[in-house]
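Everything on this sheet refers to the single structure shown next.
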Amino acid sequence: MNLAGPQTAIITGAGTGLARATAEKLTAMGYMCAIAGTSRASLENIAAIVATWGGQAVPVEVNVVRSGAIEMRHYSKTSVTCPDIADTPPLRRVGGPEEVANVVSFLLSTEYSYVTGADIAVDGGWTSLVS
């Protein structure tokens with residue numbers, strides 16, 4: 001495959017074998033890889049491996065926001081309710097889009113300066129039920 005010019009690929013999930021295999025393939029094709037993940041050690045490990053293949057990778061540590069069940073009535077003509085979710089502990093309700101937006105806006109503000117590599121669940125406590 002011929003590249004039109006310098007190309008950069010953003011690869012997420014740097015701690016996974018899939019990310020490593022993707023970085024290996026794209027490096028062989030001439031791509032520069034920006035590797036995103038929440039673990040600095042995994043990022044540096046994959047970047048070092050890419051360098052041994054003769055490629056270049058830039059590790060980018062990111063914050064991840066995972067949402068749970070979110071009521072989206074403002075975005076559709078009908079309101080879909082989730083009674084089973086709404087009655088399940090710990091909060092016994094679905095979330096609103098503004099609750100996810102609040103977390104994202106916090107991470108984009110200057111107030112987040114000491115938060116890095118975080119995986120934040122905005123799911124009303126569901127994660128705590130399965131952990």
Side-chain angles (χ1 to χ4, degrees):
M1 175 181 295
N2 295 326
L3 299 176
Q7 301 289 322
T8 302
I10 299 173
I11 302 170
T12 61
T16 67
L18 179 58
R20 183 178 185 268
T22 302
E24 181 177 16
K25 174 72 173 178
L26 294 178
T27 298
M29 293 172 61
Y31 280 74
M32 191 274 230
C33 298
I35 303 167
T38 57
S39 167
R40 174 61 63 181
S42 293
L43 291 168
E44 290 175 354
N45 181 43
I46 298 234
I49 291 169
V50 168
T52 65
W53 299 327
Q56 181 183 7
V58 176
V60 179
E61 193 166 5
V62 298
N63 295 309
V64 176
V65 177
R66 292 179 293 117
S67 66
I70 302 298
E71 181 69 45
M72 300 298 288
R73 77 175 75 161
H74 300 290
Y75 299 102
S76 68
K77 292 181 180 178
T78 60
S79 177
V80 177
T81 59
C82 305
D84 293 339
I85 293 171
D87 293 334
T88 303
L91 293 186
R92 298 191 185 282
R93 66 179 181 84
V94 296
E98 68 282 351
E99 293 175 292
V100 177
N102 289 340
V103 174
V104 172
S105 64
F106 165 73
L107 291 172
L108 294 173
S109 75
T110 57
E111 297 175 15
Y112 88 99
S113 63
Y114 204 61
V115 178
T116 185
D119 187 343
I120 302 170
V122 183
D123 65 0
W126 273 72
T127 303
S128 66
L129 295 176
V130 296
S131 298

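Computation of the quantities below employed the complete heavy-atom set of this structure, encompassing side-chain atoms and omitting hydrogens, waters and symmetry-equivalent molecules. Note that the numbering runs from 1 along the sequence shown for the chain.
- In the hydrophobic clustering of ILVMFWY residues, with side-chain heavy atoms under 4.5 Å counting as a link, Val58 and Tyr31 come out apart.
- Tyr112 approaches Phe106 most closely through the heavy-atom pair CB-O, 3.4 Å.
- Taking both residues in full, the closest heavy atoms of Ala57 and Ala47 are given as CB-CA, 3.9 Å, listed atom of the first, atom of the second, then distance.
- If you chain together hydrophobic residues whose side chains sit under 4.5 Å apart, Val62 and Val115 never meet in one group.
- Val60 and Leu107 are assigned to two separate hydrophobic clusters, defined by single-linkage of ILVMFWY side chains at heavy-atom distances under 4.5 Å.
- A single hydrophobic cluster is seen to contain both Ile11 and Met29, as judged by linkage of ILVMFWY side chains at heavy-atom distances under 4.5 Å, directly or through other members.
- In this structure, Glu24 CD and Ile49 CD1 are separated by 9.0 Å, a value rounded to the nearest 0.5 Å.
- Of all heavy-atom pairs spanning Pro59 and Leu43, the tightest one is CB-CB, 3.6 Å.
- Taken to the nearest 0.5 Å, the OG1 atom of Thr12 stands 11.0 Å off from the CD1 atom of Ile35.
- The distance from atom CG of Asn63 to atom OG1 of Thr38, rounded to the nearest 0.5 Å, is 9.0 Å.
- Across Thr127 and Arg66, no two heavy atoms sit closer than the pair OG1-NH1, 4.2 Å.
- Hydrophobic clustering (ILVMFWY, side-chain heavy atoms < 4.5 Å, transitive): Ile10 and Val64 are in distinct clusters.
- The heavy-atom pair separating Ile70 from Ser67 by the smallest distance is CG1-CB, 4.1 Å.
- Rounding to the nearest 0.5 Å places OG1 of Thr8 at 10.5 Å from CG of Leu26.
- Between the Asn45 side chain and the Ala41 main chain, no donor and acceptor come within less than 3.5 Å of each other.
- Taking both residues in full, the closest heavy atoms of Ser128 and Pro90 are given as OG-CG, 4.4 Å, listed atom of the first, atom of the second, then distance.
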